[in-house]
Amino acid sequence: MKHFFLILIFPFILSFGQDSILIIKGKVIDNETSEPIVGANVLVLGSINGAATNINGEFTLTIPTGYDEIKISCVGYDEKNIFLIKDCL
């Protein structure tokens, strides 16, 4: 199976009282060719939030308070889980 590579373009945090929301924009590319992956699913594990990459492999995703892991999946590729706080911020 092929492997993903995720590039976080812009993490942005909105804070409303005790709750905060993390909005990330990123790009999913093929690890070997560096080509964008169209239609990859990017999901917030444990929530109903998710997004699919566009024709350029880009996505925007809202991460609710208390969630810190996303899963990237696409047909023909290995799934990849990423802990946002530990791995990206």
Exercise for the section: Check step by step if side chain to side chain contact (heavy atoms under 4.5 Å, CB included) holds for Ile23 and Leu61. Expected result: CA-CA 6 Å; Ile23 300 173; Leu61 186 60; over 6 Å; no

Exercise for the section: Working to the nearest 0.5 Å, report the span between CD of Glu79 and SG of Cys74. Expected result: 10.5 Å

Exercise for the section: Nearest 0.5 Å please: distance from the NZ atom of Lys27 over to the CG atom of Asn54. Expected result: 9.0 Å

Practice task
Could you check Ile24 against Phe59 for side chain to side chain contact (heavy atoms under 4.5 Å, CB included), going step by step and ending with a plain yes or no?
Solution key: CA-CA 8 Å; Ile24 60 171; Phe59 68 92; 4.0 Å; yes

Would you be so kind as to tabulate the donor-acceptor pairs closer than 3.5 Å made by side chains of residues 37-48, with sequence neighbours excluded?
residue, atom, partner, partner atom, Å
Ser47, OG, Val44, O, 3.2
Ser47, OG, Asn49, N, 3.0

Exercise for the section: Let me see the working for Tyr77 and Asp30 under side-chain hydrogen bond (donor to acceptor under 3.5 Å, both in side chains), right down to the final yes or no. Expected result: CA-CA 9 Å; Tyr77 288 85; Asp30 185 287; 2.8 Å; yes

Handout entry: Steps toward side chain to side chain contact (heavy atoms under 4.5 Å, CB included) verdict (Ile70, Asn81)
Key = CA-CA 6 Å; Ile70 62 173; Asn81 290 12; over 6 Å; no

Completion exercise
Rounded to the nearest 0.5 angstrom, the CD-CD1 distance for Glu69 and Ile82 is 9.5 Å

